[in-house]
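Bear in mind that the values here come from a model prediction, so they are computed numbers and not experimental data.
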Amino acid sequence: MPTVNNALTDLTIAAARDGLDKGDFTSKELTEAHIAAVEAARDLNAFITETPELALKRAKASDERRAKGKAASGMDGIPIAVKDLYCTEGVETTAGSHILGGFTPPYESTVTQNLRDAGAVMLGKTNMDEFAMGSANITSYHGNVINPWKLDDGKDRVPGGSSGGSAAAVAGHLALGGAGSDTGGSIRQPASFSGIVGMKPTYGRCSRWGMVAFASSLDQAGPMTRSVEDAAIMLQSMVSYDAKDSTSVDQPIPDFAAALTGDIKGLKVGVPKEYRLDGMPGEIETLWQQGIDWLKDAGAEPVEISLPHTKYALPTYYIVAPAEASSNLARYDGVRYGLRVPGDSLDEMYENTRGEGFGAEVRRRIMIGTYVLSAGYYDAYYVKAMKLRTLILQEFQQAFEGVDVMLTPTAPSPAFAIGEKMDDPVQMYLNDVFTVPASMAGLPAISVPGGLSDEGLPLGLHLITKPFDEETLFRVGGVLEEAANFTAQPSYLGGAS
Amino acid sequence: MDKATVNNIAKLARIKVSDAETESLAGELTNIFDWIEQLNEVNTDNVEPMTSVVAMAMPSRVDEVNDGDDAERVLKNAPDRPADGSSFYAVPKVVE
Amino acid sequence: MSYLIEGETGDWEVVIGLEVHAQIVSKAKLFSGAATDFGAEPNSQVSLVDAAMPGMLPVINEVCIEQAVRTGLGLNAKINLHSVFERKNYFYPDLPQGYQISQFLEPIVGEGIITLDMPEGPREIGVERLHMEQDAGKSLHDQDPKRTFIDLNRSGVALMEIVSKPDLRSPAEAGAYMRKLRAIVRYLGTCDGNMEQGSLRCDANVSVRPTGEKELRTRAEIKNINSVRFVMAAIEYEAERQVEVYEDGGNVVQETRLYDANKGETRSMRSKEEAHDYRYFPDPDLLPIDLTQDFVDQIKATLPELPDAKKQRFIDDYGLAIDDAATLVADKETADYFEAVAKAGDAKLAANWVIHELFAVLNKASLSIAESPVSSDDLGKLVGLISDDTISGRIAKDVFEVMVTEGGDPADIVEDKGLKQITDTGEIEAMIDALIADNPEQAQQYRDGNTKVTGWFVGQIMKASEGKANPQMVNELLKKKLG
Ligand SMILES: [Mg+2]
Ligand SMILES: [Zn+2]
């Protein structure tokens with residue numbers, strides 16, 4: 001087992017970039033350190049596919065660029081983890097599912113291409129809930145991911161999901177940053193559970209081209225990092241207008257890191273009262289209040305606001321997302337790629353392939369989605385949900401006339417032990433209760449580590465801003481980060497526990 | 001939601017479910033839809049369904065051939081192909 | 001007009017609605033950059049989008065939108081400035097996405113009208129809607145004993161589905177509707193109308209009811225008929241089948257049927273018709289199509305003259321009979337050809353020559369007008385030679401024959417073969433004098449009041465002159481000499 005150079009794996013992206021620029025170390029050294037960490041941490045099961053050779057090749061190319069003074073970006077030479085939802089040219093892409101077993105795309109997703117072009121070094125493809133359906137990373141065909149945050153009760157905890165592999169990789173110092181995807185909270189909730197920063201940009205900011213689709217109207221790529229600044233740097237290399245995605249928005253792309261001025265004086269921070277859920281753990285409530293106080297101390301003005309339809313966002317989501325998924329996942333039929341389980345007739349082949357190829361949660365959601373779109377139920381469920389989505393969106397629009405940003409908790413609890421909340425899907429769905437409303441309205445949002453639970457597990461604070469106002473998100477996130485001064489580390493770091 | 005409904009949906013979705021699973025799915029889906037029922041508290045009579053989160057016009061492409069012309073690229077992951085290697089996907093015989 | 005099926009219990013009326021799938025003329029597919037050419041190597045015109053690879057997304061081809069709008073305008077239809085793509089979900093191996101992107105609740109074109117030229121007079125048939133959608137791939141069932149092979153070249157090709165109202169009442173009307181629709185889209189350049197290559201396919205919804213009954217009865221849908229002749233034959237067979245079913249005390253079931261052209265009959269496509277539930281919903285990968293009136297007006301301004309307008313102009317400007325005008329405008333190439341011929345002067349004569357002489361030659365050799373062995377210029381010259389009395393119509397047929405088989409300028413042929421009409425009065429008079437002198441009996445008959453005998457004299461003169469004598473002059477001079 002190679003030894004891990006913690007001096008390199010403990011860096012932030014910003015610090016690593018500076019070190020590379022100064023010639024303190026090379027991308028090759030940085031990458032080797034992370035490859036070693038990935039190998040040492042295999043029991044976290046954070047990766048489905050490791051690509052060390054590819055990583056070293058790209059690291060070498062990065063070092064050559066830098067030697068010529070031609071570093072492509074702040075991400076050049078930076079080792080990252082990529083969720084297995086992104087199609088990567090020549091590298092198996094499974095989306096955590098058996099049904100895509102062996103599928104090797106002859107193409108690269110726009111977001112990972114952007115990261116490649118920026119010089120980022122992909123260490124491998126990270127584990128995830130199957131087709132991004134889950135909030136605990138316990139639905140992957142490739143097994144559960146283990147949260148590097150461990151207590152001494154001997155139980156393994158979930159890293160959150162669906163971007164659980166990327167979250168564990170970043171939290172456990174196996175990668176400096178992770179590419180995640182967020183449909184109803186799949187970046188932000190695992191970030192909260194794993195003590196890292198997770199950011200979902202405005203719907204349309206990142207191209208969805210080449211990302212395995214879960215729910216098209218909600219899916220957004222985003223960065224998972226160990227600092228807000230890192231999230232800004234990494235997002236810079238992910239976004240682009242993409243003519244290949246009809247929902248990609250052609251908006252000016254600001255310098256995200258430059259937005260971290262630390263100045264939030266006079267900013268109005270909305271605190272939606274409806275997010276104060278019945279039976280919410282006291283530690284969540286306390287942290288939320290703490291967050292409000294921090295922003296107030298920094299000169300912002302907290303304002304209580306009302307989002308009365310917000311409580312309907314989650315059940316609305318459980319109509320919209322499964323409906324879109326049931327259709328998006330129809331292409332996994334054993335005809336052109338991936339798994340085929342034979343059958344005597346075509347229909348039998350379909351049913352066998354999809355019955356065996358999809359796991360229980362995916363099957364369940366396809367069933368929900370098929371049902372809500374079926375004859376006689378479409379109006380009662382799907383159309384109703386789309387009307388509620390209108391109300392939720394309008395409500396946010398109105399609220400943002402009075403405030404610049406909103407602050408909420410990211411998740412209603414800290415990471416739970418693997419095996420808990422398993423028997424009741426609805427209980428599991430409630431993990432996303434705070435993250436889903438912003439998803440329904442396509443708004444940018446970020447989770448920043450705020451503190452520890454009573455037991456000692458990380459808890460995130462959640463900020464939401466207006467469409468395409470990621471700069472405010474980063475600015476306020478940076479202030480929150482500084483105030484929280486979250487220095488706690490998971491017990492499992494860079495393969496050393 | 002009863003077992004017959006579950007079976008119908010499974011059929012529509014082309015997913016094989018075992019008898020035991022039909023039973024448990026019926027229960028789970030019933031719970032989920034009971035929870036979803038709360039949406040009926042909201043009067044949405046005069047609300048337009050959302051068509052898109054992004055407020056913009058649909059972009060379009062120019063009418064130009066700039067893709068395709070590479071059968072192997074789309075066939076290389078195929079689980080089954082004709083024995084003679086010709087450029088088709090193959091599936092169990094369909095009787096019309 | 002009334003096509004009725006005589007049953008044992010009385011007369012039955014046939015009610016027909018047609019759903020026509022017309023391939024949009026475009027270089028690339030509806031949502032991808034792959035080519036649309038016919039007859040390419042299997043799977044050689046398939047993009048990652050058309051093969052529904054994971055993460056692939058559709059982007060609309062702007063020309064397809066224009067073509068749909070242009071077609072809508074050509075059908076005098078309402079253009080919907082707001083329309084929506086939806087997904088029609090079903091599983092089939094030649095449908096890679098597991099759904100067809102189509103338009104459902106909000107199509108791009110609403111109600112319109114197609115006017116048919118029936119022998120009994122014009123008939124207006126309502127168009128219900130026109131929407132855009134993706135074509136599916138092709139399944140080949142006969143290449144392997146155990147497997148079906150899939151070619152996705154057609155997958156994603158842009159189609160317009162044009163749905164008529166159930167206004168058609170006979171196989172002949174259905175045929176006329178197909179021909180008219182085909183003419184319109186070809187005039188517009190929005191579909192090449194090639195039925196053999198599948199660019200234009202038809203599904204026919206057929207039901208029957210006793211004459212006088214107001215309610216529509218259950219219909220059967222005959223799928224994918226690919227010629228006008230088959231459309232008419234399939235409807236005729238199906239209508240008679242349904243009448244028989246009812247008269248035998250049975251009921252027609254709503255089902256999909258196939259037309260077997262070899263046997264000339266329709267048969268049920270699946271013994272147990274599976275209930276379809278397409279679960280339509282707006283495609284979240286796309287946004288609604290929002291057009292401006294300005295965009296529509298710009299297309300409107302560039303519309304070509306369409307068959308109905310052209311027909312009226314031919315009647316008004318050229319004085320053609322309705323039937324002849326309708327025949328000439330049935331396709332644009334013919335109409336253009338005719339107009340080029342008519343430039344020579346006598347339009348009615350030009351129409352006659354195109355419709356009778358030219359069509360006979362083309363039909364015999366199975367040629368299209370574009371492949372005509374005689375150019376419109378040359379035929380125009382020939383018509384000119386007739387109207388300026390250089391040659392007679394009779395001689396013109398001989399010249400035409402030479403033009404068809406050997407080619408050449410008609411004036412040269414006339415010159416070379418010495419076919420110029422004899423218009424010299426003296427020459428003709430001499431021939432008549434000789435004829436009368438040789439046939440005093442016939443001359444006497446004429447003088448006795450039997451003017452019918454003139455025909456015999458004309459014939460003899462034409463024969464003697466090898467058809468070159470100007471018939472009008474022969475007539476006049478004969479009258480003078482005999483009378
Ligand atoms: Mg149809
Ligand atoms: Zn259709």
Side-chain angles (χ1 to χ4, degrees), chain A residues 102-104 106 203-204 217 243 246-250 309 311-312 315-316 318-319 326 330 333-340 342-352 354-356 358 363-364 366-368 370-371 374 381 383-391 393 424-426 429 441-442, chain B residues 1 5-6 8-18 21 24-26 28-29 31-62 67 70 72-80 89-95:
Chain A
F103 173 65
T104 306
Y203 181 85
S217 73
S246 300
T247 60
S248 172
V249 183
D250 197 1
H309 288 101
K311 65 182 264 209
Y312 300 108
T316 301
Y318 274 94
I319 293 172
S326 71
D333 58 5
V335 175
R336 296 166 313 286
Y337 45 77
L339 180 75
R340 173 183 297 188
D344 285 340
S345 67
L346 176 74
D347 276 335
E348 244 183 75
M349 186 277 276
Y350 281 153
E351 288 174 3
N352 293 345
R354 293 166 59 81
E356 262 182 56
F358 292 134
R363 290 202 302 269
R364 188 183 293 136
I366 292 176
M367 299 281 285
I368 297 172
T370 304
Y371 183 69
S374 65
Y381 291 112
V383 175
K384 179 87 184 178
M386 292 315 262
K387 289 179 166 188
L388 269 142
R389 227 178 144 178
T390 300
L391 291 175
L393 178 71
D424 182 358
V426 173
Y429 297 166
Chain B
M1 178 163 314
T5 312
V6 170
N8 274 339
I9 305 168
K11 194 98 206 151
L12 259 183
R14 298 294 190 277
I15 292 176
K16 186 177 183 171
V17 283
S18 67
E21 209 186 347
S24 63
L25 268 170
E28 284 161 11
L29 295 180
N31 285 343
I32 293 167
F33 281 103
D34 283 350
W35 171 68
I36 287 174
E37 286 307 309
Q38 61 178 294
L39 298 183
N40 293 332
E41 297 163 17
V42 188
N43 183 327
T44 51
D45 287 352
N46 297 311
V47 182
E48 280 298 308
M50 181 194 266
T51 44
S52 163
V53 233
V54 278
M56 62 172 196
M58 179 159 68
S60 58
R61 66 167 71 238
V62 294
D67 206 344
D70 189 352
E72 273 315 301
R73 185 173 61 144
V74 291
L75 285 161
K76 79 181 196 85
N77 281 284
D80 190 19
Y89 298 98
V91 295
K93 194 163 195 89
V94 182
V95 196

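- If you measure heavy-atom distances from Thr316(A) to chain B, the contacts under 4.5 Å come from both the backbone and the side chain.
- Distance check: Met56(B) CE to Asp250(A) CG gives 8.5 Å after rounding to the nearest 0.5 Å.
- A salt bridge is absent between Arg14(B) and Asp333(A): the closest approach of a Lys/Arg side-chain nitrogen to an acidic carboxylate oxygen does not fall below 4.0 angstrom.
- Residue contact with chain B, scored on non-hydrogen atoms closer than 4.5 Å, involves the side chain of Val426(A) exclusively.
- Looking at Met367(A), the atoms closer than 4.5 Å to chain B (heavy atoms on both sides) sit in the backbone and in the side chain alike.
- In this structure, the portions of Gln38(B) lying under 4.5 Å from any heavy atom of chain A include both its backbone and its side chain.
- In this structure, chain A has no heavy atom under 4.5 Å from any part of Asn46(B).
- Only the backbone of Ser345(A) comes within less than 4.5 Å of a heavy atom of chain B; no side-chain atom from C-beta onward does.
- Listed by chain and number, the residues in a salt bridge (charged side-chain N to carboxylate O under 4.0 Å, His left out) with Lys384(A) amount to none (sequence neighbours excluded).
- Remark: Glu72(B) engages Arg81(B) in a salt bridge (charged side-chain N to carboxylate O under 4.0 Å, His left out) (not counting sequence neighbours).
- In this structure, chain A has no heavy atom under 4.5 Å from any part of Asp70(B).
- Ala55(B) does not touch chain A: none of its heavy atoms, backbone or side chain, sits under 4.5 Å away.
- Only the backbone of Ala441(A) comes within contact range of chain B, judged by heavy atoms closer than 4.5 Å.
- Chosen from Gly334(A), Pro106(A), Gly442(A), the residue pairing most often with chain B at heavy-atom distances under 4.5 Å is Pro106(A).
- For Thr51(B), no part lies under 4.5 angstrom from a heavy atom of chain A.
- Proximity to chain A (any heavy atom under 4.5 Å) is restricted, for Val53(B), to the side chain, taken from C-beta onward.
- Ring geometry for Phe33(B) against Tyr371(A) counts as perpendicular: the plane angle is over 60°, on a 0 to 90° scale with 30° as the lower cut.
- Both the backbone and the side chain of Leu39(B) come within contact range of chain A, with heavy atoms under 4.5 Å apart.
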